[in-house]
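Order of the sequence lines fixes the chain letters, A, B, ..., with proteins taken first and strands second; residue numbering starts at 1 for each chain. All figures in this text were calculated on a predicted structure; none of them were measured in a lab.
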There are 2 protein chains.
Amino acid sequence: MDPRIELRHLRYFLAVAEELHFGRAAQRLHIAQPALSQQIKQLEKIVGVELFRRTSRNVRLTDAGATFQPRASDLLSRLAADLDEAGRVGRGEAGRLDVAFITSATSIVSERLRAFSRRRPDVQVKLHGAFTVDVLTALERGTADVGIVRDAEERDGIALFPLTSEPFVGVVPADHPAAKGERLEAAALAADPLILFPRSAGPHAFDVNTQPLRDAGVEVQVAQECSNWHTIILLVAAGLGVTIAPYSVTTLLPAGARRLELDGPPRTSQIFMATRRGDERPLVRAFLTASET
Amino acid sequence: MDPRIELRHLRYFLAVAEELHFGRAAQRLHIAQPALSQQIKQLEKIVGVELFRRTSRNVRLTDAGATFQPRASDLLSRLAADLDEAGRVGRGEAGRLDVAFITSATSIVSERLRAFSRRRPDVQVKLHGAFTVDVLTALERGTADVGIVRDAEERDGIALFPLTSEPFVGVVPADHPAAKGERLEAAALAADPLILFPRSAGPHAFDVNTQPLRDAGVEVQVAQECSNWHTIILLVAAGLGVTIAPYSVTTLLPAGARRLELDGPPRTSQIFMATRRGDERPLVRAFLTASET
DNA sequence: CGGATCCATAGGTTCAGCTTATTGGTGGAG
DNA sequence: CTCCACCAATAAGCTGAACCTATGGATCCG
């Protein structure tokens with residue numbers, strides 16, 4: 001396209017097309033009439049056809065001008081809308097936010113999302129459930145803007161913000177010897193097969209989780225890995241083993257499973273929000289600070 | 001919308017957004033780097049948000065910039081298409097043409113339209129079947145660009161171009177006394193009820209049509225008006241009267257009707273193309289001159 | 001025929017966008 | 001740690017395009 005053409009030409013053209021009078025159109029544009037004549041002539045030279053048929057008495061649109069008028073008008077209003085949209089995105093009032101989170105923190109995410117969506121109704125939030133490691137790599141790759149992880153270690157390029165913490169609890173089958181009491185000594189699990197989240201899904205979280213066992217001198221031997229807490233609890237209830245889990249995944253226990261407080265120094269699972277370090281985008285900041293009114 | 005914004009800003013923005021490098025983008029735009037920096041900064045001031053995040057090491061799009069990029073690109077290509085369209089309309093290669101025509105000349109219109117459409121496939125032709133008077137007023141009002149009429153009189157503001165002519169013929173029921181011969185003396189119709197097109201649909205055409213009768217001293221008394229030649233012929237075939245018609249509407253005669261040549265000086269119906277006088281639009285000229293290859 | 005109207009042209013002016021030169025900040029190599 | 005290469009921002013002056021005023025030429029009207 002001819003790079004000489006500018007929006008000025010379109011604005012001037014539209015003014016003349018609406019007024020059908022160079023003098024009045026020039027007045028509306030706050031310029032003198034000759035300047036307008038010149039610019040229109042230049043536009044016609046660029047397009048290669050007459051857009052107006054002028055006599056010294058009146059001005060009419062040619063067919064070419066008549067077809068161009070609505071398009072030019074449309075173009076300008078589109079541009080206005082696009083600029084406005086860009087402004088809103090820049091101010092964090094609109095746009096899209098990718099949130100990656102560990103599935104065991106779904107309730108926290110949905111609560112935060114509700115608060116956030118109320119404040120930024122024009123922001124489209126996309127949720128990606130995943131493991132802690134995948135959440136962090138999604139952040140690093142730029143696939144996600146905000147992450148929610150459990151017991152992550154500080155690392156380069158990722159900023160962590162603690163959200164809440166919850167205790168670890170033991171979960172045993174109802175017919176387990178320890179199931180009669182309210183509390184559980186970690187050592188009592190020494191003989192039972194352990195069912196746990198794969199360490200690869202979140203090494204640090206795994207280590208924090210299993211620390212009570214090591215503290216009690218129990219060697220951590222995972223009998224069964226499972227990457228879904230709900231399933232793990234069901235396996236325990238079925239009598240296939242025992243586990244240590246963050247409290248929140250044990251709120252709804254099936255019959256056949258018992259939750260037991262852990263003895264010893266209190267151990268908690270920490271839930272963090274994570275962003276790329278230095279990501280100061282208003283949408284990201286807004287999500288970090290959004291909480292229920 | 002801020003009238004300071006110009007297409008230059010969009011072009012420069014897109015160059016930087018694609019190169020992510022002010023130096024290279026400036027090179028591509030054939031300007032110096034500082035000029036580009038200034039224009040981008042000005043654009044950002046107009047929009048009110050940062051579009052690029054620059055370090056002295058690299059350039060990245062902000063969220064606002066990323067949303068704006070495809071829209072700006074789309075805008076420019078739309079404009080290019082619109083300018084091209086306007087140019088094609090101006091040169092008569094595209095656009096829309098309204099053709100009003102008398103229904104009794106449908107075959108002529110369709111023939112002409114076929115020739116025209118082959119040459120101007122991007123022109124959308126709209127056909128309006130009507131009476132001669134309505135065709136002419138449509139032209140005058142600008143509702144139609146080209147008209148096809150029968151036996152019209154010259155009048156102000158309308159230019160007429162003869163297309164073809166055809167003889168008038170008499171049409172009588174098969175059991176009419178004159179039906180035995182090949183030729184018809186107009187005076188022989190004196191006693192029969194006349195079925196004719198309404199004079200109001202085209203006064204001059206009506207007068208030309210009925211002149212053979214007046215020449216023969218027959219007083220023209222219309223027994224039945226009908227504004228559709230096909231129907232008139234059917235009425236004749238049904239024995240309700242006689243008529244004088246342009247030859248072409250009698251090509252397919254129903255049983256019960258006979259076509260007879262008229263005695264006396266040859267009378268013909270003239271078919272014209274009509275335009276507004278001084279309408280030199282290329283599409284109109286092209287339709288006037290289009291004929292089968 | 002004189003006056004009013006309106007678009008085009010002519011010629012001078014001004015400022016926006018361009019130029020070159022330079023600064024300042026960052027990252028990588030020695 | 002220093003030096004250098006790289007890159008965007010800034011500074012300051014220049015140039016041309018868009019603008020101005022004044023005028024010309026055409027058409028319509030009283």
Legend entry - Interface residues of residues 20-29 of chain B with DNA chain C (non-hydrogen, below 4.0 angstrom): none

Would you tabulate the nitrogen or oxygen pairs shorter than 3.5 Å linking the protein to nucleotides 28-30 of chain C?
none

Inset, instruction - Would you indicate what A:Q42 reaches in the nucleic acid, counting non-hydrogen atoms under 4.0 angstrom: base, sugar-phosphate, or nothing? - result: sugar-phosphate

Legend entry - Contact list for DNA chain C against residues 58-67 of chain A - heavy-atom distance below 4.0 Å: A:V59

Inset, instruction - Please work out which residues in residues 32-39 of chain B have a non-hydrogen atom less than 4.0 Å from an atom of DNA chain C and list them by number. - result: B:A32, B:P34, B:A35, B:Q38, B:Q39

For residues 13-22 of chain B, please give each side-chain donor-acceptor pair under 3.5 Å, one per line with the distance, not counting sequence neighbours.
unit_1, atom_1, unit_2, atom_2, d
B:E18, OE1, B:R28, NH1, 3.4
B:E18, OE1, B:R28, NH2, 2.9
B:E19, OE1, B:R24, NE, 3.4
B:E19, OE2, B:R28, NH1, 3.1
B:H21, ND1, B:G23, N, 3.1
B:H21, ND1, B:R24, N, 3.0

Inset, instruction - For DNA chain D, note the earliest and the latest nucleotide, 5' to 3', having some atom under 4.0 Å of a heavy atom belonging to chain A. - result: D:dA18 to D:dC28

Legend entry - Estimated bend of the helix from C:dC1-D:dG30 to C:dG30-D:dC1 (axis per five terminal pairs, rounded to 10 degrees): 10°

Legend entry - All pairs passing side chain to side chain donor-acceptor pair (under 3.5 Å) where residues 130-143 of chain A contributes a residue, at least two apart: A:E140-A:R155

Inset, instruction - Not counting sequence neighbours, which residues clear side chain to side chain donor-acceptor pair (under 3.5 Å) with B:T55? List them please. - result: B:N58

Inset, instruction - Tell me, please, which residues at least two apart from B:E280 pass side chain to side chain donor-acceptor pair (under 3.5 Å). - result: none

Legend entry - Set of salt bridge (charged side-chain N to carboxylate O under 4.0 Å, His left out) partners for A:E44, sequence neighbours left out: A:R54

Inset, instruction - Specify the residues of residues 44-53 of chain A, ordered by number, for which at least one heavy atom lies under 4.0 angstrom from an atom of DNA chain C. - result: none

Legend entry - Exercise: identify the closest heavy-atom pair between B:R281 and B:D145: NH2-OD1, 2.8 Å

